[in-house]
Protein chains: 2
Amino acid sequence: MQEAAIITLKKHELSVTDTRKKILQFFLESAGALTHADIEQQMGEAFDRVTIYRTLQTFVEKGIIHTIPSADNAIRYALCKDNCAAGHHHDDHVHFLCNDCGTTYCLDHVSVPKIKLPKGFTANQTDLVVSGVCHKCEA
Amino acid sequence: MQEAAIITLKKHELSVTDTRKKILQFFLESAGALTHADIEQQMGEAFDRVTIYRTLQTFVEKGIIHTIPSADNAIRYALCKDNCAAGHHHDDHVHFLCNDCGTTYCLDHVSVPKIKLPKGFTANQTDLVVSGVCHKCEA
DNA sequence: AAAAATTTTGCAACAAAGTTGCAAAGGTTT
DNA sequence: AAACCTTTGCAACTTTGTTGCAAAATTTTT
């Protein structure tokens with residue numbers, strides 16, 4: 001069943017290609033966020049590395065996925081919720097990064113508090129990243 | 001005047017070398033956070049790239065600087081406040097990243113709110129990154 | 001203050017991550 | 001199904017980060 005992926009692609013005015021379907025499907029099936037490496041591994045030899053880069057880029061531009069800040073070097077991508085439109089600053093997320101297994105969780109139910117900024121500063125997006133140990137990895 | 005840098009290095013039981021003095025000095029003089037690229041550019045041909053990597057690594061281990069999460073790929077480093085000890089999770093920062101000029105500010109006066117996590121999740125560090133336009137770049 | 005011991009640096013070589021141009025293949029439209 | 005537009009994969013390249021090792025610098029010892 002990959003209807004959902006196709007519908008999402010069409011909704012965002014993207015051609016429906018094999019690569020896009022498979023990668024989007026992978027996101028839909030994954031609980032957390034994915035790095036480029038995760039996807040490359042999962043897809044095996046099926047697609048060129050370059051294609052994956054470009055697909056992720058496209059998805060970000062169209063507002064299908066968004067990037068999650070992290071202190072380590074890896075860019076993580078996660079599905080946007082429906083109300084998340086391209087170009088706009090999205091709804092602000094709270095993310096949890098497990099230091100043990102490396103999984104990134106989107107904590108949708110927790111809301112990001114408003115931060116009071118110094119004069120002259122304008123907030124556009126607020127990212128809150130909590131790192132620690134997730135429920136699967138606790139001793 | 002680079003006494004401050006020397007004192008800091010000694011306090012952290014590090015040999016006082018030219019590279020370390022200069023890089024630490026650069027941090028002391030910079031308002032915001034720095035990427036590896038910033039430092040490499042600033043230092044010119046003076047030091048080897050590898051040395052800069054290793055110096056930053058050492059500084060992080062010793063708790064002189066810390067990394068700041070970001071959604072783009074670049075790792076940013078900023079000076080830790082004095083109470084920030086190596087190994088421990090530091091005092092939690094709020095950071096502001098300007099989308100215009102790229103400067104990262106440490107908003108020390110704002111405190112990070114406690115986040116309520118789902119059952120089984122343990123928080124270790126909380127990073128809050130606000131991005132938008134800083135006071136220098138506002139129209 | 002010089003010698004011995006330890007650390008740090010720079011080089012070289014490599015590994016990984018990301019980008020660009022372009023022709024071929026695949027999707028879309030009429 | 002033909003014409004058109006978009007996407008893909010290849011190749012070549014740039015950038016970023018890592019590792020081992022001998023030379024140089026720093027610290028400690030005498």
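Atoms considered below: every heavy atom in the structure, side chains included; atoms not considered: hydrogens, waters and symmetry mates. Order of the sequence lines fixes the chain letters, A, B, ..., with proteins taken first and strands second; residue numbering starts at 1 for each chain.
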Where [X] and [Y] come nearest, the two heavy atoms and their spacing:
X	Y	answer
B/His95	B/His66	NE2-NE2, 3.5 Å
A/Ser15	A/Arg20	O-NH1, 3.1 Å
A/Cys106	A/Ala78	SG-CB, 3.9 Å

In this structure, is the centre-to-centre distance between the rings of A/Tyr53 and A/His36 below 6.0 Å?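 Under 6.0 Å, so yes.
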B/Val50 has its side chain closest, among C/dT8, C/dT9, D/dT18, to D/dT18
Taking the side chain of B/Phe47 as its heavy atoms from C-beta onward, which of C/dA17, D/dG17, C/dG10 lies nearest to it? C/dG10
Expressed in angstrom and rounded to an integer, what is the separation of [X] atom [atom1] from [N] atom [atom2]?
X	N	atom1	atom2	answer
B/Glu40	C/dG10	CD	P	12 Å
A/Leu56	D/dT8	CG	P	11 Å
A/Tyr53	D/dT7	OH	C1'	18 Å
B/Arg76	D/dT16	CZ	P	13 Å
B/Asp38	D/dT16	CG	P	11 Å
A/His36	D/dT16	NE2	P	17 Å
B/Ile6	D/dT26	CD1	P	11 Å
B/Glu13	C/dT6	CD	P	17 Å

Give a yes/no answer on whether the side chain of [X] brings an N or O atom under 4.0 Å of OP1 or OP2 in [N].
X	N	result
A/Thr17	C/dG26	no
B/Ser15	C/dT7	no
A/Arg20	D/dT7	yes

Does any N or O donor sit under 3.5 Å from an N or O acceptor when you compare the side chain of B/Arg49 with the base of D/dG17?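 Such a pair is found, so the answer is yes.
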Base C/dG18 to side chain A/Arg54, donor-acceptor N/O within 3.5 Å cut-off: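 In this structure, the two groups form no donor-acceptor pair.
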If you assign each of B/Gln57 and B/Val16 to its closest nucleotide in DNA chain D, which residue comes earlier from the 5' end?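 Its nearest nucleotide lies further toward 5', so the answer is B/Gln57.
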Just call it for A/Thr58: base, sugar-phosphate, or nothing, with non-hydrogen atoms closer than 4.0 Å on any strand.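 Contact class for A/Thr58: none.
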For the residue pair A/Phe96 and B/Phe121, categorise the inter-ring angle as parallel (less than 30°), tilted (30 to 60°) or perpendicular (more than 60°). perpendicular
5'-most by nearest nucleotide on DNA chain C - A/Ile75 or B/Asp18: B/Asp18
